[in-house]
Structure formats: structure tokens, C-alpha cells
Amino acid sequence: MDVIDEQALLEALNSTPVVQGRAQDLWAEEAVLRQWAREHGGPDGQPALDWLRRVRDVLQAATHGPVPEADLQQILAGVHRFPQVSTRGLRWPLGGPPERMLAVELVLTWYRVQEHRPGRLRPCGNEECRLFLLDRSRANTARWCSMKACGNRLKARRHQERARREPGA
């Protein structure tokens, strides 16, 4: 079983928020990233942390636009799945460099979301926000990472702009 699920993928993608107008990197602090890696069953040595930061940046770029194939191929180099038969059935565990396995699982989860929920993982519609959302709505119409944070703010801003353009309306 993979240890990285959609929620963990969102945590990784959303680890560079804008707080009070300033871009932050929550994973810049070693202790925070080490804790995240441990919570998700991965190693917390420096090479593993470096791979996690790198894959986070690559997946953020891929979610915004074209997939950086060369970067992803480098992350996935030397990784393989091999069959294991047991009384529980057939399993396909990952194999590869241990310091990269958590980063690899992030990539695999990202691709799984792209395949099974096409167009649903996207950047927040607020251009000032750096967060991502996974739209789970039936109509696939979610636009903001949070209605409370970004949605209300942008709706209020648009309303104020309309009110200024159309006095008395």
C-alpha cells in the first residue's frame, strides 16, 4: 500500500503559502519537513529532505503548466515495481533508492490524481494565493483553495469594483 494519499499530496503542494502578503516555505525549516517525512513513513535524512523539496517544486510547476518531464524522469530514475505473491494476493511494491521513495510516491500520487480526477487538481483561482485545491465537487466548479480565505475576499473585491463602476446599482 502506498503511504502517500491525496491529502499528503495537497500538504506537500501547499507547503509554500502566502501569509500576510509574503511567500513562505514551510519546508524550509528542517524540523517541519523531517516531521512530515516521518509521519508519512519516509526517511528523514538530508538527501531524502532535498528530494522532497525538489519533487514538491516540480509538481507545483507541473500543476501550473507543462509537465517538466526531464525533472520527473530524473526523480524516477532507477525506480521499479516488482511482483510479490503471498496469501493476500499479488502486490507490486516499489523499489529504488531509499532516500527517494517518499518523493517518488508523491509523483505517483500526483499522476494517479491526474489520471483518475483529470482537471481537478489545480491552483487556487486567486492569483495572489500559491495554494492548490483538489476539487471533489460533483460539478467540478471549485475555484478557490478556501471559500473563507480566497473566495470571499475575491467575491467582495469584485462586488466593490462593480459598485464603483455602476454608481446607484
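For the numbers below, each heavy atom of this structure counts, side chains included, while hydrogens, waters and symmetry mates do not.
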What pairs with [X] under side-chain contact (heavy atoms from CB on, under 4.5 Å), at least two apart in sequence or on another chain?
X	value
N140	R120, R122, D135
V19	P17, Q24
P43	A48
V67	A62, E69, L72, W110, Y111

*Calculate, to the nearest 0.5 Å, the distance between atoms CG and CZ belonging to L133 and R143 respectively.*
11.0 Å

*asked:* Return the CZ to CD distance between R34 and E29, rounded to the nearest 0.5 Å.
replied: 11.5 Å

*May I ask you to list the residues sharing a hydrophobic cluster with W92, side-chain cutoff 4.5 Å, ordered by chain and number?*
V85, L90

Which heavy-atom pair separates [X] from [Y] by the least distance, and what is that distance?
X	Y	value
A12	L106	CB-CD2, 3.9 Å
C150	N126	SG-ND2, 3.3 Å
A142	S137	N-OG, 4.1 Å
L102	G42	CD2-CA, 3.8 Å

[X] versus [Y]: any side-chain heavy-atom pair under 4.5 Å?
X	Y	value
L108	R81	yes
N14	C145	no
V113	L9	yes
V58	I75	yes
Q84	P93	yes
L13	L121	yes

*For W27, does its backbone N or O pair with a side-chain atom of S15 as donor and acceptor, under 3.5 Å?*
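Not at all, since once roles are kept as given, no pair shorter than 3.5 Å links the two residues.
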
*Return each pair, listed once, that meets side-chain hydrogen bond (donor to acceptor under 3.5 Å, both in side chains) where at least one residue sits in residues 42-53; pairs must be two or more places apart or across chains.*
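Qualifying pairs, neighbours excluded: E30-R53, R38-D44, Q46-D50.
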
*Candidates M101, E105, R112 - the one meeting side-chain contact (heavy atoms from CB on, under 4.5 Å) with I4*: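 Per the side-chain contact (heavy atoms from CB on, under 4.5 Å) rule, the option paired with I4 is E105, out of M101, E105, R112.
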
_Would a single hydrophobic cluster contain both L59 and L94, if residues Ile, Leu, Val, Met, Phe, Trp and Tyr are joined by side-chain heavy-atom contacts under 4.5 Å?_
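Result: yes, single cluster for both.
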
*Go through the structure and list residues passing side-chain hydrogen bond (donor to acceptor under 3.5 Å, both in side chains) with E99, not counting sequence neighbours.*
none

*With sequence neighbours left out, write down each residue that passes side-chain hydrogen bond (donor to acceptor under 3.5 Å, both in side chains) with Q74, or none if nothing qualifies.*
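With neighbours one apart ignored, the set is R54.
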
_Summary of salt bridge (Lys or Arg N to Asp or Glu O under 4.0 Å) pairs that have at least one residue in residues 9-27, sequence neighbours excluded_ = D25-R56

*Got a sec, which residues hit salt bridge (charged side-chain N to carboxylate O under 4.0 Å, His left out) with R136, two or more places apart in sequence or on another chain?*
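Result, salt bridge (charged side-chain N to carboxylate O under 4.0 Å, His left out) vs R136: E6.
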
*Could you give all pairs that pass the ring pair (Phe, Tyr, Trp, His ring centres under 6.0 Å) test and reach residues 114-142, with sequence neighbours left out?*
H64-F132

